[in-house]
There are 2 protein chains.
Amino acid sequence: MSHGDIITAAVLVIGDEILSGRTHDRNIGAIAEHLTAIGIALREVRVVGDVRDDIVAAVNALRARYTYVFTTGGIGPTHDDITADSIGAAFGVAVDIDPRAVALMAPVYAARGIELTPARLRMARIPEGADLIANSLSAAPGFQIGNVFVMAGVPDIMKSMLSAATQRLRTGPKMNAVSIVVHRAEGDIADLFAAHQAVFPDVAMGSYPSFADGRYRTELVLRSVDAKRLEEARAGLARTLAERELN
Amino acid sequence: MSHGDIITAAVLVIGDEILSGRTHDRNIGAIAEHLTAIGIALREVRVVGDVRDDIVAAVNALRARYTYVFTTGGIGPTHDDITADSIGAAFGVAVDIDPRAVALMAPVYAARGIELTPARLRMARIPEGADLIANSLSAAPGFQIGNVFVMAGVPDIMKSMLSAATQRLRTGPKMNAVSIVVHRAEGDIADLFAAHQAVFPDVAMGSYPSFADGRYRTELVLRSVDAKRLEEARAGLARTLAERELN
């Protein structure tokens, strides 16, 4: 691939606990930051429950559309962990205990004095044709099948797996971002900002308002893969804000 | 509708800033908790960027499938706020400045000494046939069109709008949840837990592991709309854990 190709991704969060509000997701933000930093454009996120048909439909929709799909959740030892079987169904392949996964788990479990029960061996169930993703924290691996990376839902384990998976990923140009903060309401800078966007159609511009300590605050964020062009846009915006005494 | 009907919902988060990782979403968890508390089952969440075709496709997919859709983000005054126009496109209706929205905004802006510029009037652009959703914080309203509720992305404003929208929502039976915490690894209770799920197929059971201070912790969560049945399942599980000395 050429350096300039955009690599895209989707995240699929799997778990009833997110949809019920019992657990507040922390993986979406962590994966988004990581992908942006390495030059992969996250384009869509979905959250579905522990429902096989919903997982299959989402995985198949997303893997057809984006370069990569990253899933989190549902690969533990209990009966509500149905991600591996659902991914197998999505790809139309069998899922069974994988000797490579057992080989990763057995020595770690033995060293910790934990028995490799049938329930724990559920975590070694891997779809046919998948490659394993190492888990440096608790041994039971994630896996990659096609362009889909299947990771744990526990944030620290997810991060370990994402780190292990990263070396396999093609990456594109990195998106650079700069921001200018003005202590003005969005409405005060909207016209100027839209005019500036029109001059730099190749630089993505977004405005993010907040209100704290009785003061308006608006962060103007500019993003581009072209660092030189980005700096031109930033400098031009800063100059215009200063000229209108809006900085 | 009868009391027992399940009311379902989806959330659509709109915004480049979530996908880039710049902003970590706080609305999904807040909406999930609120819907669960009032008896609406959140079934799916999607996050898309500030891209009209992506917003239109997601809104149309979700509104056809669930009782309600709640969107957050993209209804401010700047050029990157394209949610109202995208929702209009999804419903095939015109979007224009709505006198009812102006009437809500004008007195509040006047009292605060803020001019109602053309940029700010962008926030009064509402799709034809929509009902407004009040915003008690900053006046510029959200709106409801069909079964879609369009809300701001700023968490406090979103909450104000969600609260205002709630009176219009049909609700179903409330999902009750109880949990039992054991200081065991998931693998130690997985077989017992699966057997218990088989005895109570009508009670949803999930297991959520964590590891802190050198100690395994697993939270077993049981959920049902039937409080009596839920208590039977909880008591039975507690008894079985005690019998096996796993409590």
Side-chain angles (χ1 to χ4, degrees), chain A residues 13 15-25 28-37 41-50 54 76-81 114 117-120 122-123 138 154 175 177 185-191 193-194 197 204-211 221 223, chain B residues 13 15-25 28-37 41-50 54 76-81 114 117-120 122-123 138 154 175 177 185-191 193-194 197 204-211 221 223:
Chain A
V13 174
D16 288 350
E17 71 279 16
I18 308 295
L19 295 177
S20 74
R22 185 196 153 276
T23 301
H24 285 207
D25 169 80
I28 295 170
I31 298 172
E33 277 183 24
H34 181 75
L35 295 180
T36 299
L42 178 59
R43 290 282 165 80
E44 182 171 349
V45 177
R46 296 194 189 182
V47 184
V48 297
D50 301 312
D54 291 353
T78 54
H79 67 269
D80 56 322
D81 291 302
I114 302 169
T117 57
R120 292 203 167 93
R122 267 178 63 80
M123 292 190 284
S138 52
V154 175
M175 184 64 82
E186 272 193 304
D188 290 332
I189 53 80
D191 289 339
F193 197 43
Q197 174 73 82
M205 301 187 189
S207 162
Y208 305 101
S210 54
F211 189 83
V221 177
R223 293 181 301 130
Chain B
V13 173
D16 287 349
E17 71 279 17
I18 308 295
L19 295 177
S20 74
R22 185 195 153 277
T23 302
H24 285 206
D25 169 80
I28 296 170
I31 299 172
E33 276 183 24
H34 181 75
L35 295 180
T36 299
L42 178 59
R43 289 282 164 80
E44 183 170 349
V45 177
R46 297 193 190 182
V47 184
V48 297
D50 299 314
D54 291 353
T78 54
H79 67 269
D80 56 321
D81 291 302
I114 303 170
T117 58
R120 292 203 166 94
R122 269 178 61 80
M123 294 190 283
S138 51
V154 175
M175 183 64 81
E186 272 193 305
D188 291 331
I189 53 80
D191 289 339
F193 197 44
Q197 174 74 83
M205 301 188 189
S207 162
Y208 305 101
S210 53
F211 189 82
V221 177
R223 293 182 301 130

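Within every chain, numbering begins at 1; the chains are lettered A, B, ... in the order of the sequence lines, protein sequences first and strands thereafter. Please read all numbers here as calculations on a predicted model, not as lab measurements.
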Chain A contact via B:Met175 - side chain, backbone, both or neither, heavy atoms under 4.5 Å: neither
Under 4.5 Å from any heavy atom of chain B, what part of A:Ile189 do you find: side chain, backbone, both or neither? side chain
Flag the one option from B:Ile114, B:Asp25, B:Val221 with the top tally of heavy-atom pairs under 4.5 Å to chain A. B:Val221
Give the C-alpha distance, both sets of side-chain angles, the deciding distance and a yes or no for salt bridge (Lys or Arg N to Asp or Glu O under 4.0 Å) between A:Arg223 and B:Asp16. CA-CA 10 Å; A:Arg223 293 181 301 130; B:Asp16 287 349; 3.3 Å; yes
Does any backbone or side-chain atom of B:Ser207 lie under 4.5 Å from a heavy atom of chain A? Answer side chain, backbone, both or neither. both
Scored by heavy-atom pairs under 4.5 Å with chain A, the best of B:Gly29, B:Gly21, B:Gly187 is B:Gly187
Chain A interface, residue from B:Leu42, B:Val13, B:Ile28 that has the most non-hydrogen pairs under 4.5 Å: B:Leu42
Measure distances from A:Arg122 to the heavy atoms of chain B and classify the residue's part below 4.5 Å as side chain, backbone, both or neither. neither
Please classify the contact between B:Asp188 and chain A as side chain, backbone, both or neither, with a heavy-atom cut-off of under 4.5 Å. both
Donor-acceptor contact below 3.5 Å, side chain A:Arg120 vs main chain A:Pro77: no
Out of A:Thr78, A:Leu19, A:Thr36, which one racks up the most heavy-atom pairs below 4.5 Å with chain B? A:Leu19
Whatever's closer than 4.5 Å to a heavy atom in chain A on B:Ala177 counts as neither
I need the residue from B:Asp80, B:Val154, B:Asp81 with the largest number of non-hydrogen atom pairs under 4.5 Å to chain A. B:Asp80
I'd like to know if the side chain of B:Gln197 and the backbone of B:Met205 have a donor-acceptor N/O pair within less than 3.5 Å. yes
What heavy-atom pair brings A:Glu186 and A:Tyr208 nearest, and what distance separates the two atoms? OE2-N, 4.3 Å
Contacting region of A:Met123 [heavy-atom separation from chain B under 4.5 Å]: neither
Chain A: which of B:Gly49, B:Ser20, B:Ser210 shares the most heavy-atom pairs with it under 4.5 Å? B:Ser20
